[in-house]
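The structure presented is a predicted model; accordingly, all values stated were derived computationally and were not measured.
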Amino acid sequence: MSSPFGTWPSPFSASQIAASSPRIDGSAFVGDEIWWGESVPSEGGRFTVRSSTGAEILPAPWSARSRVHEYGGGAWAADSEGTLYFVDAKDQRVHRMRRGARPVPLTQAGPAHGGLRLQQGRLLAVREDLTKNPHRRGIVEIPVDGSAAEDPSLVTTVVDGEGFYAHPALSPDGSRVAWVQWTGARMPWQHATLAISDGIDTVELSTRAALQPEWTGDDELLYADDPSGRWALYRLQLDRSGGARPAVRVDDVDADTGYGLWVLGNRWYRPLDDGRIVSVRTNGRDEVVVLDADGRARVLHLPADGHVSVDDVSGSRVLLSGNSSTTSPGVWCVDLDSDEVIAVAGAEPTDPAWMPPASPILLDGTHGPVHAFAYPPAHPTESAPEGELPPYVVLVHGGPTAHVTGAVSAVIPFYTSRGIGVLDVNYGGSTGYGRAYRERLDGQWGVVDVDDVITAARGLAETGVADPARIAIRGGSAGGWTVLSALVRGGTFAAGISRYGVTDLRMLVEHSHDFEAPYIEGLVGPLPEAEALYVDRSPLTHVDRIDVPVLLMQGADDRVVPPAQSEAVRDALEARGIDHEYVLYPGEGHGFRSSETIVDALERELAFLGRAFGFTPSS
């Protein structure tokens, strides 16, 4: 059947997208069961813990969610007997919940906790105390018997300071703790140090951007670092006098075993008891490999190929969570000896008639190569009239130190099934292609990212893939900044959708939390010396150049990008009579979590594109 692009009937409603898009937050072997964390959009984005038996382990209203470093992560852990330890979203206290019992607090109210690590019956965590000035953070050990809930002095401080900490790991004999730390002057992917303490002395190693120490013996550990421009695994031998031999690189490939340390729960590799290592390698997409003791690598053939986390190991079995280019996000259990792969949660196969695989695209940009993934319109029974070119939406990820992998997303078929193509861009500054690609954005935020998304959009038009008059741009947070900055440039995009996007750099600095305090300086320049640049780069300064329709969506409780930023753009557009829509969602923060908000936002986006591009979308 022939119908104009954008009007094709689709089975993918906004409510279905909201119901089918829970986020996975880690997994673990618990006795004979497998547990995993999962968001519940219908309950305002509450994070629960579920079991492979079908049981919900963490009942409402409890929610396992951390606010450490603002972005949280590592909000739960469990022992083999089925005792759950979790950070409650409301008070940020650590709780213990035995099977069939109510949760009991293990810490006092006040500090936030995250990055929980349960090893040998001992519970380590990252602690953040924002009530002190300056703010204090550190690694602590929390008694699991609940005694510290009444007496906080029973919490053992491993390290404490004004910097930032992540990835605590306890040695097999329990005598040492390793972790990663960085100062407030740099972001962790710029510079982070590996530190090791025996409770008396602390040794800090000369690392560039260390990640995830894991002990493989009382005097040996693995960690990831990127001195060569790619995160790779290194093995370190220690001695009891506190010294260490030079670290030895375990593998040598043009890929990253690591990622920007935004959240505390990610793990990119795990050692097995038999000496093998399961590791994620990222070069645009992820692959999972098994490294033998002699360094030989075997690629595992898995659905998981995007933002994969190696969550747990047990004998020859490995638990992986993440995204896939052929299934929905999920949890997989892999037996390394038999190569058996079992989908534990999510991981629903997609229908290629509705969701064709993403096509990786490489374009020549002003600043070097530009990577992207293309999703053309797809429908098993519909086609467009001969000669009509489809509208496209160019997606811009947030961060900006992040990346997309061509993985299945419920949002993609929402558009493509209706005859709207999607292009997901990894602009310069994205991870997944090495440090040089990531550092292309240093000092150039608002320049390189904008040039690259414009290059990607024009590439669609010049090759006859998209209608040049009907290309929109959509992004959230830092992606929203790039959306508005690109609209200010003019001449490429016919409409823009900004979700809680940055609009004013000086306002962003004023409201920014201290985890990201050095981030903007690295992306733009130091203040006050670069204040003129901050003003010139800000979309709000040049909003009078925007002459196409704009949809602005904002969470009322957003502490990262407060509503005032979106509202300043709204007021400027309204004053000039530019077609626009502004939506404020009560109860939402930096990122939309409730099903009601997800549904409303998607429906508004579709209606907005229909008005902007002259078609009537199907319901």
Side-chain angles (χ1 to χ4, degrees), residues 186-191 208-209 226 228-231 254-256 258-262 282-286 306-307 358-374 394-406 422-460 462 471 473-489 491-493 496 501-502 505 508 516 518-525 530 533-534 536-539:
R186 307 292 293 276
M187 298 304 288
W189 48 86
Q190 295 174 316
H191 179 72
R208 190 175 191 187
D226 76 335
S228 65
R230 285 285 206 175
W231 272 301
D254 189 23
D256 286 312
Y259 182 64
L261 190 53
W262 286 104
T282 305
N283 191 31
R285 281 187 167 131
D286 292 356
H307 297 300
S359 299
I361 291 176
L362 183 63
L363 301 134
D364 291 326
T366 304
H367 310 278
V370 180
H371 295 273
F373 292 95
V394 173
L395 302 185
V396 189
H397 66 68
T401 308
H403 81 285
V404 293
T405 65
V422 173
L423 185 70
D424 221 352
V425 182
N426 277 321
Y427 49 86
S430 301
T431 57
Y433 302 98
R435 181 179 279 263
Y437 196 83
R438 190 168 74 242
E439 291 183 341
R440 187 191 294 177
L441 201 61
D442 289 359
Q444 295 296 307
W445 194 31
V447 179
V448 166
D449 52 323
V450 176
D451 287 343
D452 286 358
V453 296
I454 289 175
T455 292
R458 289 178 176 172
L460 290 175
E462 291 169 0
I471 300 178
I473 183 169
R474 171 192 189 262
S477 188
W481 151 277
T482 305
V483 165
L484 296 170
S485 297
L487 296 183
V488 163
R489 290 274 194 95
T492 300
F493 298 103
V502 177
L505 284 175
L508 180 64
E516 290 187 90
Y519 194 31
I520 304 165
E521 179 175 315
L523 293 171
V524 184
L533 192 59
Y534 278 60
D536 186 60
R537 292 264 184 93
S538 296

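When all heavy atoms of L441 and G429 are compared, the pair lying nearest together is CB-CA, 3.7 Å. The nearest pair of heavy atoms linking A456 to V425 is CB-CG2, 3.8 Å. Shown here for G398 and A402, the closest heavy-atom pair between the two residues is O-CB, 3.5 Å. In terms of heavy atoms, G260 sits closest to W189 at CA-CE3, 3.7 Å. When all heavy atoms of L362 and P369 are compared, the closest pair comes out as CD1-CB, 3.6 Å. Pairing each heavy atom of M187 with each of P518, the nearest pair is SD-CG, 3.7 Å.
A search for side chain to side chain donor-acceptor pair (under 3.5 Å) contacts involving D424 returns nothing, not counting sequence neighbours.
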side-chain contact (heavy atoms from CB on, under 4.5 Å) assessment of Y433 paired with N426: CA-CA 9 Å; Y433 302 98; N426 277 321; 3.1 Å; yes
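Note on R489 versus D451: salt bridge recorded, some NZ/NE/NH1/NH2 to OD/OE distance being below 4.0 Å. Between R438 and D256 there is no salt bridge, since no side-chain nitrogen of the basic residue lies less than 4.0 Å from a carboxylate oxygen of the acidic one.
With contacts defined as side-chain heavy-atom distances shorter than 4.5 Å, the pair L423/L460 qualifies. Side-chain atoms of H403 and T405, non-hydrogen and from C-beta on, do get closer than 4.5 Å to each other.
Under 3.5 Å, the side chains of R458 and T492 contain a donor-acceptor pair of N or O atoms. For S430 and H371, the side-chain atoms include no donor-acceptor pair closer than 3.5 Å.
Side-chain atoms of W262 come within 3.5 Å of backbone atoms of T401 as a donor-acceptor pair (strictly under, hydrogens ignored). Of the possible polar contacts, none joining the H191 side chain to the A209 backbone as a donor-acceptor pair under 3.5 Å is found.
Aromatic rings from Y427 and W445 are positioned such that their centres are separated by 6.0 Å or more.
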